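This report concerns only the one structure given below.
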Amino acid sequence: MSGFPIIPLSDPIPLPAPVWLFKVLHGTVLSLHFVVLQWVLGWLLVGILWNLWGRARNNAAMTAGSTRIASSLPILMTYLINFGIPPLLFTQVLYGNFLYTSSVLIGAWWISVIFLVILTYSALYAGGSRAANGRAWWGFGLLALIAGVTIAKIYSTNMTLMLRPEAWAEMFRGNPHGTSLPSHDPTLIPRWLFMLSGALTMGGLGLIVTGIWQKQTAGEKGLMVFQGGALAVLGVILQATAGSRVIHNQPGAVLEKLNASAFYHTLPLVWIGLAVAVAVIGLLAISSREKASSWLAGAAATLGLLFTVGTVVYRDGIRDASLSVQGYNPWDLKVVANWPVVLLFLGTFVIGLLLLGWMAAVALKATKVKPAHEEVAA
Ligand code: HEM
């Protein structure tokens, strides 16, 4: 048998829009997906700890903060899911022949994501309703966090396995039932940890933004801004550590391809610059606490987004470099653009994003939280 991997052919139907447009759309929505997913995981961690600590120590600001988090999480989860579906479609268009194969190889796990998402969502709702009644919700929070971290592991595994056609045949011979979840690829665990440590960064930045922009007591604002700053600083340090392992552990041929491109050679430096800027925002938040002003929230939101875009663009470069080593280049896909349909799609896409932004702004301003003295023991 030949030692070369068998790569399924791409769909013969031409693309209805240029490759660059699919790439831009994919990067835009995937960045939003990453921001929200890390925000949700980070807030789950903070909310659980504040709920436990606040009740044990009778700390009103922490208890109120954890209630605020619990009431926001079901809303954030809708954004997480809705920002996940479009990049799944765009990835299938550009890399379907790789993604379908890796998804089938871990089929049982891949299908389980649906049930894990339902479990996460239900736990967030149950936790939110307990918090609204002044009861402890950390147990449901922990359930949602464990399910979310597991989903993240399944995603990281699939997104890594799709880049390794040379491993597919042996994996299928070893287990054709789709029940194995391989974890021996040296890039996988750093990649997963990179995504998880981003939860501290985005969760922290989210605390700074909401701490400043939402109406609340000075005590709550001080707590959210201070702890948000500390988390953001810790998060970028951990992400930089995990990210350097992701790059370092890439196969030599992939690294060569990345370094041969001036763009991908420079991008890690830009990313480090953004990481330092996020850390500076975190330090400013730590020092200003309840005195933090609106511009800090604006800077935290903007930098959080740019930092994630940098991650998504480099991640895309790793995928293209890995697949070009296998002889696949998405830029070679046949295109027969259908411009009226593309323009109609772009119009609805932009309107959709504006509506989502407007709903987020309304939700940010409208969240009402019971004052801490109304909280009763569960
Ligand atoms: C709690 C729920 C979820 C979590 C924790 C989560 C986590 C993740 C993580 C960690 C990655 C990055 C994997 C990597 O590159 O290493 C990822 C990518 C992705 N997620 Fe999610 N996800 C969730 C829900 C969803 C849902 C519901 C969808 C859509 C149906 C979705 C669609 C995607 C897509 C399409 C990608 C990667 C796209 C690409 O590589 O081009 N996610 N997700």
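No experiment lies behind these values; they were computed from the predicted model shown.
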Min side-chain heavy-atom separation Val104-Phe172 under 4.5 Å: no
Is any side-chain heavy atom of Leu283 closer than 4.5 Å to one of Ile286? yes
Between Ile106 and Met171, is the side-chain contact (heavy atoms from CB on, under 4.5 Å) condition met? List the steps. CA-CA 10 Å; Ile106 58 161; Met171 198 183 147; 3.9 Å; yes
How far does CG of Asp185 sit from CG of Leu163, to the nearest 0.5 angstrom? 8.5 Å
Path from Leu354 to Leu344 over hydrophobic side-chain contacts below 4.5 Å: no
Side-chain donor-acceptor distances from residues 81-96 under 3.5 Å, at least two apart:
residue: Asn82; atom: ND2; partner: Thr78; partner atom: O; Å: 2.8
residue: Thr91; atom: OG1; partner: His26; partner atom: NE2; Å: 3.2
residue: Thr91; atom: OG1; partner: Pro87; partner atom: O; Å: 2.5
residue: Tyr95; atom: OH; partner: Lys23; partner atom: NZ; Å: 2.7
residue: Tyr95; atom: OH; partner: Asp320; partner atom: OD1; Å: 2.6

Spatial distance of atom CG (Leu41) from atom CE (Met195) [nearest 0.5 Å]: 8.5 Å
In short, Thr67 meets Ala131 closest at the heavy-atom pair CG2-O, 3.7 Å
Determine whether Met162 and Arg319 satisfy the following criterion, side-chain contact (heavy atoms from CB on, under 4.5 Å), listing intermediate values before the conclusion. CA-CA 9 Å; Met162 70 173 279; Arg319 173 153 57 198; 3.7 Å; yes
Tell me, yes or no, whether the heavy-atom count around Trp53 atom CH2, taken from other residues, nucleotides or ligands under 6.0 Å, exceeds 12. no
Are Leu45 and Ile69 connected, step by step, through hydrophobic side chains (Ile, Leu, Val, Met, Phe, Trp, Tyr) whose heavy atoms are closer than 4.5 Å? yes
Within-4.5 Å side-chain heavy-atom neighbours: Leu258 and Tyr314: yes
For atom CG of Asp332, decide whether the heavy atoms of other residues, nucleotides or ligands shown that lie under 6.0 angstrom number more than 12. yes
Treat each ILVMFWY residue as a node, draw an edge where side-chain heavy atoms are under 4.5 Å apart, and state whether Met224 and Trp295 are in one component. yes
Hey, does Leu303 have a side-chain heavy atom less than 4.5 Å from the side chain of Leu205? no
Could you grab the distance from atom NZ of Lys221 to atom CD of Gln216, nearest 0.5 Å is fine? 8.0 Å
Rounded distance [0.5 Å steps], CG in Leu188 versus OG1 in Thr157: 4.5 Å
Taking the side chain as C-beta and beyond, is there a heavy-atom pair between Leu99 and Met159 under 4.5 Å? yes
Val350, Trp358: one ILVMFWY side-chain cluster at the under-4.5 Å cut-off? no
With side chain to side chain contact (heavy atoms under 4.5 Å, CB included) as the test, pick out the partner of Ile146 among Leu142, Leu143, Val149. Leu142
Spacing of OG1 belonging to Thr179 relative to CG belonging to Leu105, to within rounding of 0.5 Å: 11.0 Å
Atom pairs and distances, side-chain donor-acceptor, residues 269-282, under 3.5 Å, sequence neighbours left out:
residue: Trp271; atom: NE1; partner: Thr311; partner atom: OG1; Å: 3.0

Note, Phe98 side chain near Ile7 side chain (heavy atom, < 4.5 Å): yes
Under 3.5 Å, which donor-acceptor pairs do the side chains of residues 231-248 form with other protein atoms, sequence neighbours left out?
residue: Gln239; atom: OE1; partner: Thr201; partner atom: OG1; Å: 2.8
residue: Thr241; atom: OG1; partner: Ile237; partner atom: O; Å: 2.8
residue: Ser244; atom: OG; partner: Thr241; partner atom: O; Å: 2.9
residue: Arg245; atom: NH2; partner: His248; partner atom: ND1; Å: 3.3

Residues that Tyr100 engages under ring pair (Phe, Tyr, Trp, His ring centres under 6.0 Å), provided they are two or more places apart: none
Throw together a table of side-chain donor-acceptor distances under 3.5 angstrom for residues 110-122, partners on residues two or more places apart or in other chains.
residue: Ser112; atom: OG; partner: Trp109; partner atom: O; Å: 2.5
residue: Thr120; atom: OG1; partner: Leu116; partner atom: O; Å: 2.6
residue: Ser122; atom: OG; partner: Ile118; partner atom: O; Å: 2.6

Can you see which heavy atom on Ser294 is nearest to which on Trp213, and at what distance? OG-NE1, 3.4 Å
Once rounded to the nearest 0.5 Å, what's the spacing between atom CD of Gln227 and atom CG of Leu207? 8.0 Å
Is any side-chain heavy atom of Arg135 closer than 4.5 Å to one of Ser129? no
With hydrophobic residues grouped by side-chain heavy-atom distances under 4.5 Å, do Val336 and Leu346 end up in a single group? no
Tell me, please, which residues at least two apart from Asn249 pass side-chain hydrogen bond (donor to acceptor under 3.5 Å, both in side chains). none
Compare all side-chain heavy atoms of Phe345 with those of Leu21 and state whether any distance is below 4.5 angstrom. no
